[in-house]
Amino acid sequence: MSVDWLIPALLTIVTAATPLVFAAVGEVVVEKAGVLNLGVEGMMIIGAIAAFATAVSTGNEFLAIIAGAGAGMLIALIFGVLTVYLQSNQVATGLALTIFGLGLSALIGHSYVGKTFDGLAKLNIPGLSDIPVIGPVLFGHDALVYLSVVSVAIVAWVLTRTRMGLLIRAVGENHDAAHSIGYSVTLVRLGAILFGGAMAGVGGAYLSVAYTPLWVENMTAGRGWIALALVVFASWKPWRAFFGAYLFGGITIIQLYAQGMGVEVSAQFLSMLPYIATILVLVIISRDSARARLDAPACLGKNFHASG
Amino acid sequence: MLVRLEQRPEASKSMIYVSPLIAVVLTVLTAMVMFALLGVYPVKAIETFFIEPVSSLDGLAELLVKATPLVLIGVGLSLGFQANVWNIGAEGQLVIGALAGGGLALAFFDQQSIFLVPAMLVCGVLGGMAWAAIPAWLKTRYNTNEILTSLMLTYVGLLVLSYLVHGPWKDPQGMNFPESRLFHDSALLPILIDETRLNVGALIALFVVVLGWILISRHIIGFQIKVIGMAPMAASFAGFKEKRLIWLTLLISGGCAGLAGVIELSGAIGQIVPSISPGYGFTAIIVAFLGRLHPVGVLFAGLLMALTYLGGDSAQITMNLPNAVTGVFQGMLLFFLLASDVLIKYRVRFGAPKINTEAAE
Amino acid sequence: MKFRSKLATAAAAVILAAGVSSAVQAQLKIGFVYVGPIGDHGWSYEHNQGRLAIEKALGDKVMTTYVEKVPEGADAQRVISKLASSGHGLIFTTSFGYMNPTLRAAKRFPKVKFEHATGFKRAPNMSTYSARFYEGRYVVGKVVGNMTKSNVIGYIGSFPIPEVIRGINATYLAAKSVNPNIKMKIVWVSTWFDPGKEADAAKTLIDQGADVIMQHTDSPAPVQVAQQRGVWAVGQASDMTNFGPKAHLTSIIDNWAPYYVARAKAVLDGTWKSTDTWDGFKPGMVQMSAFNKAIPANVVALANATRDGITNGTIFPFAGEIKDQAGKVRVKAGAKADDGLLAGMNFYVQGIDGTIPK
């Protein structure tokens with residue numbers, strides 16, 4: 001087997017994984033702050049239509065991505081107000097957010113069906129991008145791919161090394177204690193929710209602006225759910241979420257390659273591989289029960305009211 | 001802040017019933033603004049969503065048919081959610097249950113027997129339980145988070161269904177199209193009202209609601225579930241076996257989902273098709289919480305949710321509103337319902353808090 | 001002003017109503033059931049174009065409604081019955097999965113006429129109709145066989161059902177007839193609609209040497225990928241030129257309008273009968289979008305000649321001798337495949353590598 005196909009396969013995996021990385025890393029922050037937002041799919045699809053509509057009408061991809069982030073944030077604000085201030089149940093509100101987002105995006109997107117634009121350009125750094133093998137793999141992507149890596153690094157750094165990260169984790173681990181030493185649990189949570197919304201929005205924007213520059217209803221096709229699963233897979237660690245997204249994207253792409261190479265297994269069984277692999281890897285990494293338990297934020301999913 | 005929430009000394013009994021009504025009123029008012037903006041006559045739109053679908057016997061029957069799987073799954077899930085067991089893979093358990101029951105119908109496609117339907121129902125329950133047993137086993141044995149495993153297994157279950165209807169289980173006389181043989185009459189659930197699709201499944205769902213109610217309010221297991229959900233430490237002091245409850249709640253919720261799947265197949269569809277459920281397993285999660293994790297609440301929540309789907313049909317047929325409007329409308333209704341529950345535990349207060357409460361804040 | 005004109009209109013309406021009440025009663029309500037959103041730019045979008053064509057052609061004589069995103073499970077029968085019981089006289093159910101629900105509704109509502117797309121069960125008040133898309137695929141085969149330099153055609157399949165298998169075989173037979181070295185690479189994505197996954201499949205096929213991408217899935221994503229990668233692509237269901245002007249060779253277009261208008265007229269005239277329609281180029285149910293300017297004139301001429309030949313019956317895509325992969329003769333030399341064989345096709349013709357997923 002020659003390795004000619006390996007480099008292009010890697011490039012395809014990167015595009016498949018990037019939207020998952022954005023959404024999953026955003027959700028890591030949300031859940032670290034003790035909030036379980038199951039509305040990732042809804043926030044992604046709103047981000048996708050906002051970004052696409054902006055890209056088509058202004059032709060400016062930078063604005064499009066900002067619009068995606070902003071729209072994701074805006075719809076996350078609904079979730080935030082409901083769960084943080086009005087104490088509504090997080091699981092149900094998140095699911096309602098998905099229903100609402102899918103409906104609203106279809107309503108807005110009606111007039112954008114059939115439109116297109118060139119899509120986000122790939123970087124082309126003279127010299128660097130032309131190096132064989134390393135060039136395309138390291139320097140041949142669009143800007144959002146690099147942003148996704150940078151955002152993982154920043155989130156990982158903030159969560160573990162900064163005071164803000166400590167605060168987020170404290171609110172997620174024990175909101176009563178965090179409150180009693182004078183921190184605003186509601187503000188921290190709202191901030192985390194908005195950040196998660198922005199990241200999911202960018203993930204959606206990546207779909208409609210870079211991955212497949214077009215708009216069709218329901219184009220996220222369940223990626224928000226995968227992102228949610230990846231957060232659990234990652235035991236709420238940003239780099240592990242990144243790894244999970246690439247593992248999942250990688251197996252999805254490799255099964256397509258295997259088909260093209262004539263592997264004669266039913267397509268449905270090949271399509272199961274990413275899901276089964278994710279379960280197996282999680283089983284292996286969470287066998288050590290004492291360690292795994294420390295990772296899940298203790299207040300995940302629990303509402304907080306400062307009534308003293 | 002000028003408007004703030006103040007915790008009630010104890011949950012308001014009246015608000016338990018009043019808050020959903022407040023939510024519905026708020027939804028109706030907001031929706032009327034939305035419909036007006038869309039250029040639709042608001043009163044007519046509301047009437048189309050809520051009243052027109054159930055203004056005929058057929059409509060009422062369809063409401064119950066649509067609510068049956070939501071209520072069945074919702075009751076099962078609510079037990080698990082109370083114990084903090086997060087089974088979000090009911091959709092997969094539904095599909096595997098349907099395949100287990102439907103597979104039996106296909107195996108006996110040429111034999112009539114009054115035992116076939118009961119046997120199918122049992123197979124459906126067992127199938128759903130088997131699929132839910134995987135997350136239960138992985139969680140109790142390997143400490144693997146059930147949110148991930150149950151969700152991933154949903155996709156696997158859907159692909160198993162796809163494989164079977166495109167391959168071994170497709171109708172030999174079906175021109176190679178992806179669907180199974182039609183079930184014969186003794187594999188179909190008895191119809192309750194002629195000329196409608198209302199079948200015994202609705203009664204089974206009602207029975208499960210009652211069972212769930214007894215279990216959660218009268219049985220020691222229900223007590224354990226509630227304690228472990230609220231105070232895991234206390235539960236372990238009391239000697240409750242956490243692993244046993246994880247198994248139990250996952251098996252019950254999986255069994256209910258499997259039962260819903262086989263009822264959907266042999267009650268409303270009549271054969272195995274590539275898409276058995278339009279996401280009942282996920283919608284039922286909302287239904288469970290809307291019903292405040294109480295079996296009777298789930299019953300009402302399931303009916304309300306089913307009504308919005310039927311209303312969506314009507315809105316498209318009689319008002320030419322796109323399907324997307326239904327999604328927005330459903331989302332709004334859910335937001336208001338979920339938010340208004342705040343009134344049960346809290347009071348809305350206007351003006352700045354008094355000095356002494358500020359000290360506590 | 002406005003108020004006054006409204007009053008005038010109302011008055012006119014009252015006066016007219018007495019005279020035209022019989023005409024009003026004759027207005028035919030036509031219902032459509034779609035499996036996808038009308039914004040899918042593919043299957044359901046084209047059926048909706050057909051609905052709009054009825055409105056345009058028949059104006060006040062008809063009123064149309066549609067219900068979109070109707071799942072092919074228990075919901076289908078509810079929606080179809082609801083349409084039938086709310087005064088619709090003609091109902092189009094536009095996906096295979098609606099077959100048995102439509103049949104049940106047809107039995108329950110004997111006065112309502114039903115039209116079911118792509119199925120094979122009929123009733124006195126239920127017709128079936130489908131399009132011979134393979135005719136389009138055969139024309140495409142002649143084009144791609146000439147255009148490919150690598151001799152590898154990449155094909156994105158949804159599910160291995162006869163409709164898709166027929167398309168693959170028709171493409172291969174035509175391509176092989178103009179290019180004996182042709183190879184097909186087929187990747188199944190197990191979905192009709194997931195732009196991301198379709199794009200991934202297209203990239204995979206291009207990486208493995210395909211320089212023409214064909215698809216039997218609904219989104220325009222593969223055409224976009226072909227454009228980015230500088231290879232050719234063929235669109236599906238709708239004209240996809242827009243999504244890759246350089247790459248797009250042509251699209252096979254589903255054009256339901258002529259059939260829909262004819263059937264609606266038949267109901268209005270009282271001439272509607274239960275029929276089994278399987279039309280191709282001839283009545284325009286299948287159409288080719290404009291060919292890419294980059295295709296050499298002789299290839300365009302060949303494609304047009306093939307289309308014309310199929311239209312007037314001198315060319316038949318599945319003409320014998322056709323052998324399957326095992327070498328068994330499925331269509332004898334000099335014979336034509338009958339509709340039964342075509343409708344249930346579940347074998348690859350000889351020369352295609354790989355096996356149909358079971």
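The chains referred to below are lettered A, B, ... by the order of the sequence lines, with proteins before strands, and numbering in each begins at 1. Keep in mind the model is a prediction, meaning the values are calculated, not measured.
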Between [Y] and [X], is there a side-chain heavy-atom distance shorter than 4.5 Å?
X	Y	value
B:His166	C:Ile161	yes
C:Ser86	B:Thr318	no
C:Glu68	B:Pro322	yes
C:Leu83	B:Ile317	yes
C:Asn100	B:Glu179	yes
C:Lys82	B:Glu62	no
C:Glu72	B:Val273	no

Where [X] and [Y] come nearest, the two heavy atoms and their spacing:
X	Y	result
B:Met175	C:Pro162	O-CG, 3.2 Å
C:Ala74	B:Glu264	CB-OE2, 3.1 Å
C:Arg104	B:Ile269	NH2-O, 2.9 Å
C:Thr118	B:Phe177	O-CZ, 3.4 Å

Heavy-atom proximity to chain C below 4.5 Å, by part of [X]:
X	result
B:Gln271	side chain
B:Ala61	neither
B:Ser162	side chain

Could you state the interatomic distance from [atom1] ([X]) to [atom2] ([Y]), rounded to the nearest 0.5 Å?
X	Y	atom1	atom2	value
C:Phe120	B:Gln173	CZ	CD	9.0 Å
B:Asn323	C:Tyr34	CG	OH	13.0 Å
B:Leu182	C:Leu103	CG	CG	8.5 Å
B:Glu195	C:Arg108	CD	CZ	5.5 Å

Does [X] [atom1] have over 12 foreign heavy atoms under 6.0 Å away?
X	atom1	answer
C:Lys29	NZ	yes
B:Asp185	CG	no
B:Asp110	CG	yes

Heavy-atom contact with chain B under 4.5 Å, split by part of C:Lys121: side chain
Contacting moiety of C:Ser85, where chain B heavy atoms sit under 4.5 Å: neither
Evaluation steps, salt bridge (Lys or Arg N to Asp or Glu O under 4.0 Å), between C:Arg78 and B:Asp58: CA-CA 9 Å; C:Arg78 181 187 70 238; B:Asp58 206 28; over 6 Å; no
Contact winner vs chain C - B:Leu310, B:Val65, B:Leu159, B:Leu265, heavy-atom pairs under 4.5 Å: B:Leu310
Top contributor to chain C interface from B:Pro69, B:Gly270, B:Gly279, B:Gly174 [non-hydrogen pairs under 4.5 Å]: B:Gly174
